[in-house]
Amino acid sequence: MFAAAIETEGHRCLHFRFRLTSGAMATARGLGCLLTLGRWRRGLGVAPQSRAFVAVVPGVSQVDNKSDFLKKRCHRRHPGILQLSCVRLPQALADAAQLLLLESSMPITEKQVQALTSYLWSRHLPVEPEELQRRAVYLEKKYLENADSSKMEEKLHEAVLRALRKTTYHWQELSYNEGLSLLYMAARLDGGFAAVSRAFHEIQARLPEFQPKTLMDFGSGTGSVTWAAHSTWGQSLREYMCVDSSAAMLELAEKLLKGGSESGVPSVPGVFFRQFLPVSPKVQFDVVVSAFSLSELPSKADRADVVQTLWRKTGHFLILVENGTKAGHSLLMDARDLVLNGKEKSPLDPRPGFVFAPCPHELPCPQMTASKPLACSFSQAYHPIPFSWNKKPKEEKFSMVILARGSPEEATRWPRITQPVLKRPRHVHCHLCCPDGQRQHAVITARRHGRDLYRCARVSSWGDLLPVITPSEPPPSPAQDPPES
């Protein structure tokens with residue numbers, strides 16, 4: 001037994017040494033791309049435990065002493081925290097949705113809900129006519145080179161069409177009648193509410209003084225945007241304009257507001273429903289939202305026209321939300337670039353636009369320009385409508401872009417955490433989108449970057465901001481580092 005105990009203890013020591021070696025190697029590799037700030041901080045005369053935030057990305061070495069960010073608060077509540085706790089539908093909305101499903105003559109099953117959810121998530125953008133023509137020309141040349149020209153001349157057109165059908169995504173416009181609208185409500189009401197609530201929380205947390213009075217929702221569907229806006233700014237909002245081309249959707253949204261009936265009292269006052277956008281170009285709304293609606297438009301030209309119209313209607317914030325897929329993210333980046341380039345038709349509002357969230361810059365998205373493009377997406381936990389198959393909390397994965405009128409200098413430009421934070425012993429891995437338009441994998445330790453920044457990074461989550469700043473001058477070269485004492 002004594003020998004066995006010695007052998008076990010030896011294994012423990014070996015395992016402990018292996019963990020130390022692996023952790024040190026991982027930390028060294030990660031910190032190889034970061035700045036060695038400890039020596040610079042002594043040279044700058046910064047106290048080791050200063051409650052300020054130092055930089056962690058290349059080209060960032062200054063300490064932000066302009067204000068006391070923590071303001072005697074704990075690190076868990078640092079100003080970059082934007083995470084929203086698990087979202088729950090308002091009780092009146094959940095009750096109305098359940099009542100409508102119970103009274104429906106068309107029973108909704110779990111299999112139907114899952115099928116529609118999967119279909120909407122896997123949906124791609126429609127192929128543009130130019131791209132379809134390019135593919136047809138390529139296939140035609142390929143067939144002519146590899147086959148008997150005398151025979152192919154007769155069947156060339158048929159062969160090209162057959163190949164295009166096999167290789168081209170067949171996008172179809174969804175026509176929301178009463179049955180499909182009810183199924184969409186069962187599948188997407190709670191998830192859509194969670195995604196939009198997170199977008200609204202971003203504005204409310206960073207600009208608590210902003211109190212909008214009017215809101216327009218393009219592609220309003222079941223009205224989840226109206227409910228989320230009322231939960232966030234219900235005390236200040238006086239008018240909600242819901243625009244949707246489907247009369248069945250508008251009718252369903254109105255029933256949800258009235259508790260599941262046609263004659264009830266609306267839970268949210270000041271809601272108006274329309275099938276078309278307001279005609280007057282002078283009418284603006286404090287907040288304009290398009291959630292999961294741009295992807296329903298049949299072409300890039302149609303999306304561009306709608307985005308320009310929505311931007312003209314925007315008084316302060318334009319919020320665009322789509323699925324957290326490559327297709328959804330690509331669509332949002334096209335809309336973002338369209339607004340930032342300022343190519344509006346007869347702009348009546350001279351104020352420029354800038355990105356309020358999630359990008360800390362107006363440069364090309366580094367996720368899209370990478371060798372392997374990735375979707376810039378976020379996740380929000382929510383409690384689903386309590387059906388018999390739908391009782392556990394879920395996660396809504398979505399992409400968003402919030403555009404604002406004004407100057408970029410008005411926004412806080414801190415790096416955005418774009419992936420789940422990896423917490424390891426004595427170090428934290430953060431994947432950041434930085435104000436210089438670059439992605440950065442930062443490995444933060446208390447020894448290299450200070451206790452306060454390390455603690456703030458450790459309590460941060462996917463989608464939060466890391467409160468560090470960029471320098472006005474490049475950091476000193478290693479040859480100019482002050483000698484260590």
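Every value quoted in this text rests on a predicted model; they were computed, and no experiment measured them.
Between Trp233 and Phe200, the two ring planes are tilted [angle within 30° to 60°]. Using the six-membered ring where Trp is involved, Phe356 and Phe317 have ring planes that are perpendicular, over 60° apart on the 30 and 60° scheme.
The CG atom of Leu89 sits 10.0 Å away from atom CG of Leu256, with the distance rounded to the nearest 0.5 Å. For the atom pair Phe387 CZ and Glu110 CD, the distance stands at 11.0 Å (nearest 0.5 Å). Taking OG1 from Thr309 and CG from Asp305, the interatomic distance works out to 6.5 Å, rounded to the nearest 0.5 Å. Note that CE of Met400 is 11.0 Å distant from CG of Leu320, once rounded to the nearest 0.5 Å. Atom CG of Leu182 sits about 4.5 Å away from atom OG of Ser104, to the nearest 0.5 Å. The CD atom of Gln235 sits 9.5 Å away from the NE2 atom of His230 when rounded to the nearest 0.5 Å.
Looking at Ile385 and Phe193, their side chains never come closer than 4.5 Å, going by heavy atoms from C-beta outward. Looking only at side-chain heavy atoms (C-beta outward), Asp464 and Val421 stay at 4.5 Å or farther from each other. Within the 4.5 Å cutoff, the side chain of Met368 has heavy atoms near those of the His329 side chain. Between Cys434 and His361 there is no side-chain heavy-atom pair separated by less than 4.5 Å. For the pair Leu189 and Leu93, the minimum side-chain heavy-atom distance is below 4.5 Å. Put simply, the side chain of Pro366 reaches to within 4.5 Å of the side chain of Cys433, judged on heavy atoms. Residues Leu174 and Tyr119 are in side-chain contact: their nearest non-hydrogen atoms beyond the backbone lie under 4.5 Å apart. When side chains are defined from C-beta on, Ser220 counts as touching Leu250, because their heavy atoms get closer than 4.5 Å.
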task = I would like to know whether His75 and Asp452 meet side chain to side chain contact (heavy atoms under 4.5 Å, CB included); could you show each step before the answer?
result = CA-CA 7 Å; His75 297 85; Asp452 288 303; 2.6 Å; yes
message = side chain to side chain contact (heavy atoms under 4.5 Å, CB included), that's the test. Do Ile203 and Ile319 meet it? Break it down for me.
response = CA-CA 10 Å; Ile203 300 175; Ile319 302 172; 3.7 Å; yes
query = For Tyr176 and Tyr184, what are the C-alpha separation, side-chain angles and deciding distance, and is it a ring pair (Phe, Tyr, Trp, His ring centres under 6.0 Å)?
reply = CA-CA 9 Å; Tyr176 286 97; Tyr184 184 88; 5.5 Å; yes
task = Go through the steps for His431 and His441 under the test side chain to side chain contact (heavy atoms under 4.5 Å, CB included), then give the verdict.
result = CA-CA 5 Å; His431 295 266; His441 178 187; 3.8 Å; yes
key: Stepwise side chain to side chain contact (heavy atoms under 4.5 Å, CB included) check, Cys359 with Arg336   = CA-CA 10 Å; Cys359 321; Arg336 167 188 182 268; 3.7 Å; yes
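With sequence neighbours left out, Tyr138 forms a side-chain contact (heavy atoms from CB on, under 4.5 Å) with Lys142. For Lys423, there are no salt bridge (Lys or Arg N to Asp or Glu O under 4.0 Å) partners, not counting sequence neighbours. For Arg424, the side-chain contact (heavy atoms from CB on, under 4.5 Å) criterion is met by Leu422, His427, His429, not counting sequence neighbours. Residues forming a ring-ring contact (aromatic ring centres under 6.0 Å, His included) with His201 (at least two apart in sequence, or on another chain): none. With sequence neighbours left out, the side chain to side chain donor-acceptor pair (under 3.5 Å) criterion links Arg88 to His383. In this view, Glu262 and Lys255 satisfy the salt bridge (Lys or Arg N to Asp or Glu O under 4.0 Å) rule, not counting sequence neighbours. Contacts of Tyr240 classified as ring-ring contact (aromatic ring centres under 6.0 Å, His included), with partners at least two apart in sequence or in another chain: none. Take Thr117 and apply the side chain to side chain donor-acceptor pair (under 3.5 Å) test, not counting sequence neighbours, and it matches no residue.
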Tabulate below the donor-acceptor pairs under 3.5 Å that side-chain atoms of residues 268-277 make, not counting sequence neighbours, or state none.
from   : atom 1 : to     : atom 2 : distance (Å)
Gln275 : NE2    : Ser245 : O      : 2.9

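A distance-only check finds no donor-acceptor pair linking the side chain of Ser377 to the backbone of Ser399 [under 3.5 Å]. With Asp217 contributing its side chain and Cys242 its backbone, the two residues share no donor-acceptor pair below 3.5 Å. The backbone N or O of Thr232 lies less than 3.5 Å from a partner atom in the side chain of Gln204, making a donor-acceptor pair. Under a 3.5 Å cut-off, the side chain of Gln83 and the backbone N or O of Trp462 do not form any donor-acceptor pair. Between the Arg351 side chain and the Gly315 main chain, a donor and an acceptor come within less than 3.5 Å of each other. With Gln284 contributing its side chain and Lys313 its backbone, the two residues share no donor-acceptor pair below 3.5 Å. In this structure, the side chain of Glu173 does not engage the main chain of Pro298 through any donor-acceptor pair within 3.5 Å. A donor-acceptor contact shorter than 3.5 Å links the side chain of His170 to the backbone of Arg165. One N or O on the side chain of Ser118 and one on the backbone of Gln114 form a donor-acceptor pair closer than 3.5 Å. Formation of a donor-acceptor pair under 3.5 Å by the Thr214 side chain with backbone atoms of Asp286 is found in this model.
Under a cut-off of 6.0 angstrom, the local environment of NZ in Lys258 is crowded, with over 12 non-hydrogen atoms contributed by other residues, nucleotides or ligands.
Here the closest heavy-atom approach between residue Gly192 and residue Phe292 is recorded as CA-CE1, 3.9 Å. Of all the heavy atoms in Val321 and Ala195, the pair that sits closest is CG1-CB, 4.2 Å. Of all heavy-atom pairs spanning Ile417 and Ser460, the tightest one is CD1-CB, 3.6 Å. The two residues Met106 and Gly179 come nearest to each other via the heavy atoms CE-CA, 3.6 Å. When all heavy atoms of Leu82 and Gly463 are compared, the closest pair comes out as CD1-O, 4.2 Å. Closest non-hydrogen pair, Ala253 versus Gly223, comes out as CB-N, 4.1 Å.
For residues 287-297, every residue pair satisfying the side chain to side chain donor-acceptor pair (under 3.5 Å) rule, not counting sequence neighbours, is listed here: Arg123-Glu296, Ser295-Glu322. For residues 358-369, the salt bridge (Lys or Arg N to Asp or Glu O under 4.0 Å) pairs, not counting sequence neighbours, are Glu362-Arg413. Counting only residues at least two apart or in different chains, salt bridge (Lys or Arg N to Asp or Glu O under 4.0 Å) contacts with residues 175-201 comprise Arg188-Glu396, Arg198-Glu202.
At a threshold of 4.0 Å, the pair Glu131-Arg135 counts as salt-bridged, since one of the basic side-chain nitrogens sits closer than that to a carboxylate oxygen. With respect to Arg405 and Asp349, a salt bridge is recorded, a charged nitrogen being found less than 4.0 Å from a carboxylate O.
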